[in-house]
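Report on one structure; see the data block that follows.
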Amino acid sequence: MRNNRPDSIQSAIAAAYKANGGLENTASDIGVSTALLSLGTRVDEKRQGGLGVNYLDRLSRMHRPSALPLAQHFCALGGGVFQPLEASGPGCLITLSGDAAKEFGDVVASALRAKLSMSTTDCDDTILQIDEAMGVLVRMRAEAVRQRGR
């Protein structure tokens, strides 16, 4: 794979291929050559139109984990974030409330570490902690909606 600038569409495409087991697997799965597929991770001003979203759509439908880096990329461009839902069920609101308190404590501690150290690793950990806390909130919301429907 090419070494692409983080947060670029080329980086998101490469991550989608990786989620599907690599360039060769992806090319085989969607029925195109590896050379053609590799063009999607190359920045080339001479090439018009790019790889095309149809291939990315097909890949994402066939292998859902490949959709994740693409969703994250486009959500970030739109000023938001993509929060995937976990496969596990919502659970009990009381238990989830305890989980949320723990996760928010982890977020605050991690954010303070990141601020003090100014380290990329600590910032990455803070992002991970925030994602985990958001996951708990999404599960809490799903459980509250479920209970409301009783």
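- Distance alone, capped at 3.5 Å, places no donor-acceptor pair between the S28 side chain and the E24 backbone.
- Distance CD1/I94 to CD/E143: 10.5 Å, rounded to 0.5 Å.
- When all heavy atoms of G21 and N25 are compared, the closest pair comes out as O-ND2, 3.2 Å.
- In plain terms, the two heavy atoms of A114 and T126 that are nearest each other are CB-OG1, 3.6 Å.
- In this structure, M140 and L96 approach most closely via the heavy-atom pair CG-CB, 3.4 Å.
- Note: the hydrophobic cluster containing L59 also contains F74 (ILVMFWY, side chain heavy atoms under 4.5 Å, direct or indirect links).
- Contact annotation: the side chain of D124 never approaches that of L128 to less than 4.5 Å [non-hydrogen atoms, C-beta and beyond].
- Here the straight-line distance linking atom CG of N20 with atom OG1 of T26 works out to 3.5 Å at 0.5 Å rounding.
- Atom CG of residue L68 and atom NE2 of residue H63 lie 10.5 Å apart, to the nearest 0.5 angstrom.
- One hydrophobic cluster holds both V136 and L93 under the rule that ILVMFWY side chains link at heavy-atom gaps under 4.5 Å.
- A continuous path of ILVMFWY side-chain contacts below 4.5 Å connects L70 to L23, so both sit in one hydrophobic cluster.
- Summarising the local packing, CG of L116 is surrounded by more than 12 heavy atoms from other residues, nucleotides or ligands at distances under 6.0 Å.
- Nearest heavy-atom pair, P69 versus A16, reported as atom, atom and distance to 0.1 Å: CG-N, 3.5 Å.
- Taken from CG in D125 to OG in S119, the straight-line distance is 9.0 Å, to the nearest 0.5 Å.
- No continuous path of hydrophobic side-chain contacts links L112 to I130 [ILVMFWY only; heavy atoms under 4.5 Å].
- Note that the CZ atom of F104 and the CD atom of E132 stand 12.0 Å from one another [nearest 0.5 Å].
- The closest side-chain heavy-atom distance from L77 to H73 is below 4.5 Å.
- When hydrophobic clusters are built by joining Ile, Leu, Val, Met, Phe, Trp and Tyr residues whose side-chain heavy atoms come closer than 4.5 Å, directly or via intermediates, Y17 is grouped together with L36.
- M62 approaches I30 most closely through the heavy-atom pair SD-CG2, 4.0 Å.
- Taking CG from L137 and OG from S97, the interatomic distance works out to 9.5 Å, rounded to the nearest 0.5 Å.
- In this structure, S110 contributes its side chain and D106 its backbone to no donor-acceptor pair below 3.5 Å.
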